[in-house]
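Quick notes on the structure that follows.
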There are 2 protein chains.
Amino acid sequence: MTADRVETGDQPGGPPPRARGSVMRDVARLAGVSHQTVSRVLNDHPNVRPETRDRVLAAMRALNYRRNSAARTLVTRKSRTLGLIAYETTLFGPASTLYGLEQAARSAGYFVSVASVRSLDRESVLDAVDRLCEQSVEGIVAIAPQSSVGTALAQVPTGLAVVGVGGGGEHVPTVCIDNATGAAMATRHLLALGHTTVQHIAGPPDWPEARDRIDGWREALHSAGAPVPAPRPGNWSARAGYEQGRLLAADPTVTAVFCGNDQIALGALRALHEAGRRVPDEVSVVGFDDVPESGYFLPPLTTVRQDFAELGRRSLDLLIEQLESGIRTDRRVSLTPRFVPRASSGAAPT
Amino acid sequence: MTADRVETGDQPGGPPPRARGSVMRDVARLAGVSHQTVSRVLNDHPNVRPETRDRVLAAMRALNYRRNSAARTLVTRKSRTLGLIAYETTLFGPASTLYGLEQAARSAGYFVSVASVRSLDRESVLDAVDRLCEQSVEGIVAIAPQSSVGTALAQVPTGLAVVGVGGGGEHVPTVCIDNATGAAMATRHLLALGHTTVQHIAGPPDWPEARDRIDGWREALHSAGAPVPAPRPGNWSARAGYEQGRLLAADPTVTAVFCGNDQIALGALRALHEAGRRVPDEVSVVGFDDVPESGYFLPPLTTVRQDFAELGRRSLDLLIEQLESGIRTDRRVSLTPRFVPRASSGAAPT
DNA sequence: CCTGTCATGGTTACCGTTCACACGCGTGGC
DNA sequence: GCCACGCGTGTGAACGGTAACCATGACAGG
């Protein structure tokens, strides 16, 4: 009955949309085999005669069969779906990571289901985890690298693989950029240009990334014997960079500023410009991230590049590693960022 | 057997992670009812005595039961999952739309599964559709507003709701920003400032958004009786803005530039700056999008704001409307953008 | 007292896969 | 000639829900 719904018309006017609702039995009937054989073909089992396989494949094509993943999930208890907890995905970094992850997941044969959270309190995160669990995801990647998330994630049902992206969790496998090293690169670059010290406008204090960058900056200053000013508190926005930048611009001893990210740097750049302090002649500015626009700031921004897409790919690797081994590691993968010199940093004024 | 896996320990050291694997039967057994009654409670059916309902709820809590959505999907043939075809999600616009959509979907009780595509050729889009179909999504939202996508989407299986976001498709319900109006706003603003005409650095020609903005710009010039120069071809990047900006900067008659988006404007700003043409004194620049950083460009960018999150929400509305009515509309929802004047535009030089 | 209706809850079939197992058949070793 | 074995294939039972249908008891109306 259902089988004759074939009619994948080659008639003009465009083929009709593929028919919903052909199932294994239909394919089996058309190919003259049992549903089990169809299943075998589908799952690349050995012990199917090539000729039979071809017949089945032809039938599948004719009926435009696609397998019902719900049924499959039900019996195998594997959904081939990954959950993604996303925070602030409108930012370039998280958005890119999401992209990298999805691409990687796709080629590994996984689907990705997202749950964005509006805030990172325990409540929201646990709620997101719940939603994902209900879809019986096999693993969860959290692009939400706040410390609080780490602890929330540790609570996730056993048998569920978890990976954090970014500075995050204590007891959760994590993949992150080596923020401290990146920050140190930027700082050393500025010191090498003759600046006696480097100011830092930091990201939000509850982001481990921000803290690690502070650490790297501080350490670089310290080991060069340079004075260590207090880091300026901020968040990831241009506005924060602007506000802190105004304060820094008013201080004539300031000649070098390392910013927690490129947006902050943009704000700082504007503040310096408004205060009449030329960049890089009077003040050098370095950012972090290397967003696509930073090469077009005024002046083009010296920064530290993170490979966000790679971050996504690696987090998938880590997840799959757990899925396959069945054990929850607490490995930490760290990616080294790359320093990108441009025009916003220069020799210290004499 | 399974029921005594309760032990959702209140013991110190943190409760053990919720137990996987309690199913309806377990709950039913514990509550002393049949699994059907549990189902009724779960689905808010009437005709369950309050006392029974409470017993069931208590049992569910005790066992930390969560229903298996695969089983549910299998029998109801409704997955409560939406598919999202995403393109260039690292850009601010698409990323924000994704966010808006996900939030809306969540509160409407839907899950969101994403399929990002690397390119928008028919092949890739159809492949993404396939992947989503396999997950038996109930509807698809395509944040991938190229013309080609529209036609590909029209091919989607019947019985599957589809919505395009952005300029896109012919025969597909669409929600978009009124790009022509936005472009006209920007253009009229510049004309009102006394500029004799307005140049336009456009987005990629295969994006309907870009075309609509060209149309709006052209129409505004035309109806004001201003000369209509050829639009400069570009893409959405700062680089394109920079390259076209250099050409424009070399032409002393150019006093006003309307850019296809804020990134382009950023590039143009830099090109003008390098050429020594002051903004806004000598040349006015207007962007489109109002990305969070544009208020911190040098100078702060006059632009046109799109409410991307609203775009996401509306596309969900449209999808749900189709899902509930069961008919595929080809309604087109158009959102009016908002003009945001800042410092990059000013009176024409005399 | 019989019947109809309503509230409540149980029975059972079914959704579309996969898995465990059985089956028939050719082949090779003894 | 018998048995074991591998190959290719079919059969039936899960998986965990929901929906349609049935059973029971209480209660009202005739």
Side-chain angles (χ1 to χ4, degrees), chain A residues 1-3 5 19-57 59-60 63-81 133-136 138 159, chain B residues 1-3 5 19-57 59-60 63-81 133-136 138 159:
Chain A
M1 279 299 124
T2 350
R5 207 185 300 166
R20 279 264 260 195
S22 45
V23 300
M24 256 176 146
R25 220 189 13 242
D26 303 327
V27 175
R29 193 155 35 209
L30 186 60
V33 296
S34 78
H35 65 124
Q36 174 58 2
T37 301
V38 177
S39 170
R40 275 193 270 257
V41 170
L42 223 46
N43 298 318
D44 277 328
H45 272 262
N47 302 354
V48 177
R49 213 188 320 158
E51 184 218 306
T52 313
R53 166 185 312 271
D54 290 345
R55 241 184 20 249
V56 169
L57 288 173
M60 295 199 320
L63 295 172
N64 209 296
Y65 168 78
R66 43 219 58 224
R67 79 168 133 210
N68 181 321
S69 65
R72 183 176 214 224
T73 298
L74 182 57
V75 60
T76 60
R77 318 171 101 143
K78 282 178 182 326
S79 59
R80 297 212 67 86
T81 298
C133 283
E134 206 173 302
Q135 289 184 84
S136 42
E138 291 179 44
Chain B
M1 278 296 128
T2 353
R5 207 186 299 165
R20 280 264 260 194
S22 43
V23 300
M24 255 176 150
R25 220 190 9 243
D26 304 327
V27 175
R29 191 153 38 209
L30 186 61
V33 297
S34 80
H35 66 125
Q36 174 58 2
T37 301
V38 177
S39 172
R40 276 194 269 259
V41 169
L42 223 46
N43 297 319
D44 278 328
H45 272 262
N47 301 353
V48 177
R49 213 184 321 158
E51 182 218 307
T52 313
R53 166 185 310 271
D54 290 346
R55 249 193 3 258
V56 169
L57 288 173
M60 296 200 319
L63 294 171
N64 209 295
Y65 169 77
R66 44 216 57 223
R67 80 168 134 211
N68 182 321
S69 65
R72 181 176 218 227
T73 298
L74 184 57
V75 62
T76 60
R77 313 167 107 135
K78 287 189 176 321
S79 59
R80 299 213 64 87
T81 298
C133 284
E134 205 172 302
Q135 289 182 87
S136 41
E138 290 179 44

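Below, chain A is the first sequence line, B the second, and so on; all start at residue 1.
At a threshold of 4.5 Å between non-hydrogen side-chain atoms, the residues B:R67 and B:M24 do not count as touching. For the pair A:L30 and A:Y65, the minimum side-chain heavy-atom distance is 4.5 Å or more.
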Worked check of side chain to side chain contact (heavy atoms under 4.5 Å, CB included) between B:R53 and B:V56: CA-CA 5 Å; B:R53 166 185 310 271; B:V56 169; 5.7 Å; no
Test log, rule side chain to side chain contact (heavy atoms under 4.5 Å, CB included), inputs B:L57 and B:V41: CA-CA 8 Å; B:L57 288 173; B:V41 169; 3.9 Å; yes
Worked verdict on B:R72 versus B:N43 for side chain to side chain contact (heavy atoms under 4.5 Å, CB included): CA-CA 11 Å; B:R72 181 176 218 227; B:N43 297 319; 3.0 Å; yes
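One can place CZ of A:R77 at 13 Å from C1' of D:dG17, the figure rounded to the nearest angstrom. Rounded to an integer number of Å, the gap from A:R72 CZ to C:dC19 C1' is 13 Å. A:N68 has its CG atom 12 Å from the P atom of C:dC15, to the nearest Å. The distance between atom CD of B:Q135 and atom P of C:dG16, rounded to the nearest whole Å, is 18 Å. Between B:L74 atom CG and C:dT18 atom P there is a gap of 12 Å when expressed in whole angstrom units. Regarding B:K78, its NZ atom lies at a distance of 21 Å from the P atom of C:dC14, rounded to whole Å. Atom CZ of B:R67 is separated from atom C1' of D:dC15 by 17 Å (rounded to the nearest Å). Taking atom CZ on B:R80 and atom P on D:dT18, their separation rounds to 13 Å, with Å as the unit.
A heavy-atom distance below 4.0 Å to DNA chain C is reached by these residues of residues 38-53 of chain A, ordered by number: A:S39, A:N43.
Residues A:R55 and A:A31 come closest through the heavy atom pair NE-O, 2.9 Å.
Each of B:T37 and A:A71 has a nearest nucleotide on DNA chain C; the 5'-most of these lies closest to B:T37. Position along DNA chain C of the nearest nucleotide to B:G32 versus B:T76 favours B:G32 as the more 5'-ward residue. DNA chain D is contacted by both B:A70 and B:Q36; B:A70 maps to the nucleotide lying nearer its 5′ end (nearest heavy atom per residue).
Atom OG of residue A:S69 and atom CG of residue B:L74 lie 10.0 Å apart, to the nearest 0.5 angstrom.
Helix-axis bend for the helix from C:dC1-D:dG30 to C:dC30-D:dG1: the local axis fitted to the five terminal pairs at one end deviates from that at the other end by 60°, rounded to 10°.
Between the A:S79 side chain and the A:T73 main chain, no donor and acceptor come within less than 3.5 Å of each other. Side-chain N or O atoms of B:R66 include none that pairs as donor or acceptor with a backbone N or O of A:E134 at under 3.5 Å.
Judged by atom type and distance alone, B:H35 reaches the base of C:dT12 through a side-chain donor-acceptor pair under 3.5 Å.
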